[in-house]
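For reference, the structure discussed in these notes is given below.
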There are 2 protein chains.
Amino acid sequence: MSEKPEMSEDPKPRRRQARGERRITQLLQAAANVFCANGYTAASTNAIAREAHVSPGTLYQYFPNKEAIAVELGERLMYEMREAHGQAFTPENLALPLPELLDAVVDPLIAFNCANPVFLALMHGSEVPGKIAEEHDALHASLIERVRLLIAHYLPDSPPADCVRVADMAFAVFKGGLHLVLAAPEGPERDATIAELKQVLLRYLDPVIGQGTLAAGTPAIAGGGVTTSRTP
Amino acid sequence: MSEKPEMSEDPKPRRRQARGERRITQLLQAAANVFCANGYTAASTNAIAREAHVSPGTLYQYFPNKEAIAVELGERLMYEMREAHGQAFTPENLALPLPELLDAVVDPLIAFNCANPVFLALMHGSEVPGKIAEEHDALHASLIERVRLLIAHYLPDSPPADCVRVADMAFAVFKGGLHLVLAAPEGPERDATIAELKQVLLRYLDPVIGQGTLAAGTPAIAGGGVTTSRTP
DNA sequence: AGGAAACGCGAGCGATCACTCGTGTTTGTC
DNA sequence: GACAAACACGAGTGATCGCTCGCGTTTCCT
């Protein structure tokens, strides 16, 4: 043993050239497009290779099988996502009023999903292989945990089961609204949908938190009175 | 022309015996199980036939292709669903206070989806053929329209765009919560999740409707103070 | 009874897909 | 320049899937 200087990593420490790294990102980008358009199972490896303008043989030089493509893509997306929204849950945001807190948490998540629609396509389908589902469950659990901590911070005396239920429901509501946001065309209509989603979360969580401004006329972001301007 | 007395129907007026009708429902039930377990694309026709304890040839005597199985299943489910919740939107329910109105609308929908989990599996997947997607869009549009009429009834002076946005958002929130309800184990936990979902919708819609009881202590159904009982 | 038609079967056909392999090309190192 | 290794290719392979076809069985009608 100890024949190679690099024996600390995987059993296959394949040396990659710069060209190879470029091919990998190129293939992952192509896979993202095909997954997004047709879903995981309907996406053929030949179609991914064609989208990347390479041969099937080249694809299989960098990925052992189709699942590995989705797993690697999922891992990179999760890394980006944790990085993008990680700062949203910093402790200093706990001091913010609820509307601003919602902005800080919701906006990065929506922006990420708008920029990477393949993420939902991979995480959401019931057709994905088990490995992706595990990744998704882990990410989901970590997000829920952050929301739960946030809620528990405002309700230290509540039973943990209640906090979990509120966190789960808030996140489920967000996911439902997220689909609506992504379905809306980019522009003012999407912005209005985002504002409406924040309204839902605000009205749901405000009585729970019980300290914010229950002002019916202080919308979160742009669009005063976006929601059904009640005529007096 | 006019050779057969029955030329008013389809070009293929295949006469079915009672045995055949039984086989069809049996095959559709088997298809529902397989679709629910593996999704549409991953479900093979041979697997459906095996689940129904018939041969592939028998399956294709009643359905021209795999898509037709899903379409027929979808149509029967939609018929059941419209029948089940149709009474929820009767005009007399417009007079109900918001909590009771929510019960009348939400409960039948949740009960249907709990009894027929294959419905969401078929409607929700992005892998389904175009025919199913069209059916889903039609049902979705009709449901949204009913919600929109409900909202417009309370807000006759609001811009239509606002009513549509509120109806869309309320329905999206319901769908998100529905997944959470189905993920919860049957029993008190599921009931609590249902109550929580109604809380979300109540708090969102109550200021919109602007006439209901914004009482923080009048839960919709069972479970007084289910939500994070705030200690005074 | 007896004929027609619906029912039922399962081996097999063509197409497609994930994946391989033998061969040729480019890149890094001495 | 020479050698090795990474890179690139694309026709081909085995497996699977949607679906067919020929033939035997059951049911209905007269």
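Letters A, B, ... mirror the listed sequences (proteins, then strands); counts begin at 1. Owing to the predicted nature of the structure, the values given are computational and were not obtained by experimental measurement.
Protein atom CG of L59(B) is 10 Å distant from nucleotide atom C1' of dC19(D), rounded to whole Å. Distance CZ (R15(B)) to C1' (dA6(C)): 8 Å, rounded to an integer number of Å. Atom pair R23(B):CZ and dT26(D):C1' shows a separation of 12 Å (rounding to whole Å applied). Atom C1' of nucleotide dC7(C) and atom CZ of R22(B) are separated by 11 Å, given to the nearest angstrom. Here dG24(D) presents its C1' atom at 13 Å from CD of Q61(B), a figure rounded to the nearest Å. In this structure, F35(B) atom CZ and dG18(D) atom C1' are separated by 12 Å, rounded to whole Å. One interatomic measurement links the two molecules: CD1 of I48(B) to P of dC19(D), which rounds to 10 Å at whole-angstrom precision. Separating the CZ atom of R19(A) from the P atom of dT26(C) is a distance of 9 Å, rounded to the nearest angstrom.
Salt-bridge check for E134(B) with K131(B): failed, with every basic side-chain N at 4.0 Å or more from each acidic carboxylate O. D107(B) and K198(B) are joined by a salt bridge, as a carboxylate oxygen and a charged side-chain nitrogen come within less than 4.0 angstrom of each other.
At a threshold of 4.0 angstrom between heavy atoms, the contacts of G20(A) are confined to the sugar-phosphate backbone, with no base atom among them. Contact annotation for F63(B): no contact, since no heavy-atom pair falls under 4.0 Å across all strands.
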Protein-nucleotides 15-18 of chain C N/O pairs closer than 3.5 Å?
from	atom 1	to	atom 2	distance (Å)
dA18(C)	OP1	A43(A)	O	3.2
dA18(C)	OP1	K66(A)	NZ	2.9
dA18(C)	OP2	T45(A)	N	2.8
dA18(C)	OP2	T45(A)	OG1	3.3

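Among Q61(B), R76(B), Q29(B), the single residue meeting the side-chain contact (heavy atoms from CB on, under 4.5 Å) criterion with I24(B) is R76(B).
Nearest to the side chain of P56(B), among dC9(C), dA6(D), dC19(D), sits dC19(D). Nearest nucleotide to the Y62(A) side chain, out of dC9(C), dA6(C), dA8(D): dA8(D).
Contact check, R16(B) against dC7(C): a side-chain N or O comes under 4.0 Å of OP1 or OP2.
The 12-atom threshold is exceeded at NE2 of H140(B), counting heavy atoms of other residues, nucleotides or ligands nearer than 6.0 Å.
In this structure, K66(A) forms a cation-pi arrangement with Y40(A), its terminal cationic atom sitting closer than 6.0 Å to the ring centre and no more than 45° off the ring axis.
Aromatic ring centres of Y204(B) and Y204(A): separated by at least 6.0 Å.
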